[in-house]
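Values in this document were obtained by computation on a predicted structure and should not be read as measured data. Labels below follow one simple rule: chain letters A, B, ... track the order of the sequence lines, proteins then strands, and each chain is numbered from 1.
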2 protein chains.
Amino acid sequence: MKSKITLKKIAKEFDVSISTVSKALKDSHEISEEVRERIKAFAKYYNYKPNSLAVNLRNQKTKTIGVIIPQIVHHFFTKVISGIEHIANENGYNVMICLSNESYEKEVLNMDMLESGIVDGIIVSVAKETEEKEDYKHFKQLIDNGLPLVLFDREIPEINCNKVIVDDFGGGFLATKHLMNISCKRIAIITTPDHVMVGKIRKEGYIQALTENNFPIQEELIIKVNEKYDITNQIQKLFDQANPPDGIFAVNEIYAATVIKIAQKRNLKIPDEIAIMGFTDGLISEYTTPSLSAVDQHGYTMGEKAMELLLDEINYQDSDYKYNTTIIETDLKLRESTKKQIISY
Amino acid sequence: MKSKITLKKIAKEFDVSISTVSKALKDSHEISEEVRERIKAFAKYYNYKPNSLAVNLRNQKTKTIGVIIPQIVHHFFTKVISGIEHIANENGYNVMICLSNESYEKEVLNMDMLESGIVDGIIVSVAKETEEKEDYKHFKQLIDNGLPLVLFDREIPEINCNKVIVDDFGGGFLATKHLMNISCKRIAIITTPDHVMVGKIRKEGYIQALTENNFPIQEELIIKVNEKYDITNQIQKLFDQANPPDGIFAVNEIYAATVIKIAQKRNLKIPDEIAIMGFTDGLISEYTTPSLSAVDQHGYTMGEKAMELLLDEINYQDSDYKYNTTIIETDLKLRESTKKQIISY
DNA sequence: ATATTATCCTCAAACGTTTGCGTAAAAAAA
DNA sequence: TTTTTTTACGCAAACGTTTGAGGATAATAT
């Protein structure tokens, strides 16, 4: 294993000082053209690359940002990452991705590591377990340490920092309203336990839509899926009721796709007997049969926006920085699972 | 913005030397218990974290590895990453993910950056554009620089390094054989242009299966999709033929899912009139109707294996390291899109 | 010839760690 | 009391880079 070439070695080769080499490689006018060119040629030949650890240590910045996401096997998060990457690269930043796997402990570990000077800022979507524990001291610590932080999608109200969230309330409202518009009479929701904020808020949008239109709120139409157990079984129950729903709003893609599978197994006609709305950016929706109508989360835009906010804070010089919460509006991607005659909007 | 706390600042606070602080924090017996405890308490209170740039510079290693993948919005790659993360974290390594977006230029850029000392090793799946250009000098350079490299999935024969690939030939063979076993008579393949190696090799498996069983090779049954144009249109042509196929092997999930959509639009019964096999690890397959039979790529296993090989090379002391190519065997995940009576195996 | 300026290079500190070695003072042994 | 040992800390170099200040030599101006 050849050891890497450094300024020192080049300097020794030409019998000049390290600073001469450094300056030559940066095309400094302080170095004669002849020496400069010879050094540059040599460096190029030996594929010299400045050691970024050293450079970063010296410059006290790394041009790298860290991203902590709960899962990567999830289309929404990969879209967000693409958006982050896009803006980051445009601005000469690299992206380091870490996974929390929805675990509090891994989230803390990752943050500890990122806090040690390798990144100029951090973008995080909170792990479910952290939301459940409501233990946010690692975030407070991060901010205390002066490291710029942006939260996206799953945010924490009590933490003061830049945020970008989707309009979950509006999305839930829109989805439910749409089901009403295609004349569904009993509209169910399949959501997460309340500690998952986005699920809770989407549900609130659902409730608002019902209330506004004088639909009763019926507990038996609200399924809170516990992912520790079989999802299909929990959703099944909705169809076993005496008076099953004719419209379902599922707060994510997997729940929605599962509903389709169940409905098909029971020979229910989609969307005529049961209409289905999802909430997703995902790929599955396009390929189910029927394809799935969904609230579009605009993950890519979200990533872009998060990175922009982070850059904003990184580049801000003064101490009176003002945090911003950007809300990404949702809209509906209507496909086949709700394709009935639309009555009104 | 508070500036971060360092050994120097702690040292000044206690009026001791930097080394005393460093040693105290590492519980060195060289430091008296009293001083040790006071320093540790102080450091903990102020949330001291060693600057990893400095530590890494000093130790000449970073406990971080870099991964370059062509796309992240692709379930196979996310699975691989999960596998890599798993083994990496188990061994105290962090993972830095970079996207090449299938672009040669971005691949080179990412490698340049990773080569600058921030990682102890690199795992790469080659970008399509690079395969097309057949320009691999950045890989050669990397190896020349002595940085451990593992290629996965899309490999380069002429580059000498650790590799982990799926048995694409075997997969293609198995898939085709299975279609024959459910009595398909005209079996088509939807693949990539030949410069995408995995597509090419899967096709070779397909051809082998046909040949072995005295099926003719028919050019009109081989579709090479150019992703620059509309995928659906290109695949459609298969069905417009005078004598359309009754079995289709698609080399990836999107192609396969697209076939389902097309078949449905044409009211072809799956699998009776047309059976479909995919090649994927993806989520879509489970949720299409009918669900999709596919060659399982074992992405997670692949990631684990790649990371293990990388660690192997990183930890190898002597200079006689021997490279290894691990082949991940494929198997079939049979679902509804080929659910006919199986004749024999 | 002397003073001034331009050219080309080196010095040295700094970024924040780690760690082998040296050493003063205190404690123990002779 | 003197010698030896132990305890508890500091020194300084090293990792690889950047950069302002300074210095020697050569070129130009006076």
- prompt: How far apart are the C-alpha atoms of B:Leu7 and B:Tyr48, what are their side-chain angles, what is the distance that settles it, and do they pass the side chain to side chain contact (heavy atoms under 4.5 Å, CB included) test?
  reply: CA-CA 8 Å; B:Leu7 290 185; B:Tyr48 168 76; 3.4 Å; yes
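- As a whole-Å value, the separation of A:Arg36 CZ from C:dT7 C1' is 12 Å.
- If you measure from atom CD of B:Glu33 to atom P of D:dC9, you get 12 Å, rounded to the nearest angstrom.
- Atom CD1 of B:Ile18 and atom P of D:dA14 are 17 Å apart (whole Å).
- Side-chain N/O atoms of A:Ser19 and base N/O atoms of C:dC11 include a donor-acceptor pair closer than 3.5 Å.
- The main-chain N or O of A:Lys128 is found under 3.5 Å from a side-chain atom of A:Glu102 such that the two form a donor-acceptor pair.
- Heavy atoms only, all atoms of each residue included: B:Lys23 and B:Glu30 are closest at NZ-OE1, 3.3 Å.
- DNA chain D is contacted by both A:Lys8 and B:Val16; B:Val16 maps to the nucleotide lying nearer its 5′ end (nearest heavy atom per residue).
- In this model, the phosphate group of D:dG16 is approached by a side-chain N or O of B:Gln60 to a distance below 4.0 Å at OP1 or OP2.
- A donor-acceptor contact under 3.5 Å is formed by the side chain of B:Glu30 with the base of D:dC9.
- When heavy atoms are screened at a 4.0 angstrom cut-off, B:Tyr48 is found touching the sugar-phosphate backbone but no base atom.
- Each of A:Ala54 and A:Lys23 was assigned the nucleotide of DNA chain C with the nearest heavy atom; the assignment lying further toward the 5' end belongs to A:Lys23.
- Ion pairing between a basic and an acidic side chain is recognised when a charged N comes within 4.0 Å of a carboxylate O; B:Lys40 and B:Glu33 show no such pairing.
- Among the atoms of the strands shown, base atoms are found under 4.0 Å from some heavy atom of B:Ser22.
- Rounded to an integer number of Å, the gap from CG of A:Asp15 to P of C:dC8 is 19 Å.
- Atoms CG (B:Asn51) and P (C:dA14) sit 17 Å apart, rounded to a whole Å.
- In this structure, A:Lys137 pairs ionically with A:Asp135, as a charged nitrogen and a carboxylate oxygen lie closer than 4.0 Å.
- When heavy atoms are screened at a 4.0 angstrom cut-off, A:Thr6 is found touching the sugar-phosphate backbone but no base atom.
- Not a single donor-acceptor pair, N or O on each side, falls under 3.5 Å between the base of D:dC9 and the side chain of B:Ser17.
- Put simply, CG on B:Leu57 is 9 Å from P on D:dT17, counting in whole angstrom units.
- When rounded to the nearest whole Å, the span between CD1 of A:Ile118 and C1' of C:dC15 equals 17 Å.
- Atom CD1 of A:Ile39 is separated from atom P of C:dC8 by 13 Å (rounded to the nearest Å).
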